[in-house]
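The structure appears below as structure tokens.
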Number of protein chains: 2
Amino acid sequence: MTTHDNDAFKPIATVDLAIFSLSPAGLSVLLVRRANAPFAGEWALPGGWIHIDKDLDLEAAARRVLKEKTGVETPYLEQLQTTGSAGRDPRGWSISIVYIALLSADDVEKRRDAMAEDAEWRPVEGDGVGFPIAFDHAALLKEALGRIRNKVEYSSLPGHLLPARFTLSELQSVYENLLGRKLDKSAFRKRMAEADFLEPIEGELRRASNRPAQVFRLKDIKSLALFDRRI
Amino acid sequence: MTTHDNDAFKPIATVDLAIFSLSPAGLSVLLVRRANAPFAGEWALPGGWIHIDKDLDLEAAARRVLKEKTGVETPYLEQLQTTGSAGRDPRGWSISIVYIALLSADDVEKRRDAMAEDAEWRPVEGDGVGFPIAFDHAALLKEALGRIRNKVEYSSLPGHLLPARFTLSELQSVYENLLGRKLDKSAFRKRMAEADFLEPIEGELRRASNRPAQVFRLKDIKSLALFDRRI
DNA sequence: TGACTTAGTGGCAAATGTCAACTAACTTAG
DNA sequence: CTAAGTTAGTTGACATTTGCCACTAAGTCA
């Protein structure tokens, strides 16, 4: 292996984000309208070059892009995968480090004013958004959706799509929405208790329902609790 | 985001591999002695620059490095994570796309002559190798070991450390070695049947044991079967 | 105050997992 | 050739877990 610093070994490198939020209608993903070639005018996953003068590391780069596009800072950011090849970008050999970010609908709504003008939430339809998007971003989006739908079955991931405080019924609704099926209330509550990733906020009840419901929060807002057995 | 092609946005990019094999004594990892600065003379995970003139994509780059260092081609290569920051390489902002490769002891032995001279198998001790290694490779190795030890509990990963043909007892031994505990034979066999990732090779028995044992192969040599419930 | 809605819990039947003991297919020694 | 021994493979009793229906509880509303 030859070891010398020149452009023969330096690909284009970006971070790209699959940013999701959840409404009663289902998952939405954030897309941006590209201003410049290649793919000018087309929708894409938000992303950008790594600013080696500003970004201390990859996660910092991803967080910067997330903030720029949504105005939101999320505790939950997961690296999906890195894709890189000669053919994926007309400008040259390029690498994309792809992250998944999960935002609660609340946070999104609160920061709607701070959203980038070129960005828009689009409902997820099946494995994509129902229309073509730039680069290989359709494949990346499909991969991200696969990751989310898989992890819902064995982890606390849905909790990261809720506001910081939520009820068990709200959590169950998110699981059901992402799983695409109804869950038994008793079994669900038993599972959540067993998985031990929630803590009741003492003295805080949600009075919107007929019977006041206990409010919970995630014990760990940055990482997922993994279950021993799939739902 | 400014979009222009210059070195302000081009980090150093390499692929690095955590290559494992298993002996009765436990896991071993391949290390290489670095010839050049930085960290000249120190041990590191094998890796190298992406050759944008030769490598069609990242996986091709990883496979090239694997072949160069071990002489072996493995069906099983998994992307671990991508790490990148300003501080991890003295030469500048750098990214490493890290892969895990699993080789059977058989394949390693058969191709020992083709192994790179600067490469050496080292036994895994705890979360590392028991001595310092270059760059942030100790952290990467720890991460890779964590990934493997986690996935043993809910997937067919151990099958990828065996030769293409193996018996259930051999497979069980690998699980026990990586899990660090004994498994009940009957329960183990029931689990493997349930997970449905093995197929018996008709008419092929291993006669090394007292009672001839059925020989199996993995149904899918490139990807893992995931279990519904952890072992 | 009673009907209704939602939250939260209990308990039993069904399903699943554990593992000891069994049978089977050899090899080895006498 | 046969019995003993070793390993592979299977069975089934019992323990544990899970699913889910029905119950109680805490309100709101008319």
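Owing to the predicted nature of the structure, the values given are computational and were not obtained by experimental measurement. Quick note: numbers below take in every heavy atom, side chains included, and nothing from hydrogens, waters or symmetry partners. Just so it is clear: chains get the letters A, B, ... in the order the sequence lines come, proteins before strands, and each one is counted from 1.
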Side-chain N or O of Arg207(B) versus OP1/OP2 of dC26(C): is the shortest distance under 4.0 Å? yes
On the six-membered ring of Trp43(A), is Arg122(A) placed so that its NZ or CZ lies under 6.0 angstrom from the centre and within 45° of the ring axis?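 Verdict for Trp43(A): a cation-pi partner in Arg122(A).
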Expressed as a whole number of angstroms, how long is the span from [X]:[atom1] to [N]:[atom2]?
X         : N       : atom1 : atom2 : result
Asn210(B) : dT28(C) : CG    : C1'   : 9 Å
Leu205(A) : dG8(C)  : CG    : C1'   : 12 Å
Lys190(B) : dA15(C) : NZ    : C1'   : 11 Å
Leu171(A) : dG8(C)  : CG    : P     : 12 Å
Leu168(B) : dA24(C) : CG    : C1'   : 16 Å
Phe227(B) : dT16(C) : CZ    : P     : 17 Å

Within 6.0 Å of [atom1] in [X], more than 12 heavy atoms from elsewhere:
X         : atom1 : answer
Lys222(B) : NZ    : no
Glu73(A)  : CD    : no
Glu194(B) : CD    : no
Glu199(B) : CD    : yes

Does the distance from a Lys or Arg side-chain N to an Asp or Glu carboxylate O, for Glu170(A) and Arg206(A), drop under 4.0 Å?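 Salt bridge between Glu170(A) and Arg206(A), a charged N being under 4.0 Å from a carboxylate O: yes.
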Between which nucleotides of DNA chain D, 5' to 3', does chain A make heavy-atom contacts below 4.0 Å?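 Here the contact window of chain A covers dT18(D) to dT28(D).
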Report the residue (Glu170(B) or Arg229(A)) whose heavy-atom-nearest nucleotide on DNA chain D is the more 5′ of the two.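 Nearest nucleotide further toward 5': that of Glu170(B).
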Just call it for Thr167(B): base, sugar-phosphate, or nothing, with non-hydrogen atoms closer than 4.0 Å on any strand.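 Nothing, no heavy atom under 4.0 Å.
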Rounded to the nearest 0.5 Å, what separates atom OG1 in Thr74(A) from atom CD1 in Ile221(A)? 8.5 Å
Can you measure from CG (Leu27(B)) to CG (Leu145(B)) and round to the nearest 0.5 angstrom? 6.5 Å
Can you list, by residue number, the residues of residues 172-188 of chain A that have a non-hydrogen atom closer than 4.0 angstrom to DNA chain D?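 Hits under 4.0 Å, by residue number: Asp184(A), Ser186(A), Ala187(A).
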Looking at Phe188(B) versus Tyr175(B), is the centre-to-centre ring distance below 6.0 Å?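 When the ring centroids of Phe188(B) and Tyr175(B) are compared, they turn out to be within the sub-6.0 Å range.
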Quick check: on DNA chain C, is the nucleotide nearest Arg211(B) upstream (toward 5') of the one nearest Gln214(A), or the reverse? Name the residue that is more 5'.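 On the 5' side of the pair lies Gln214(A).
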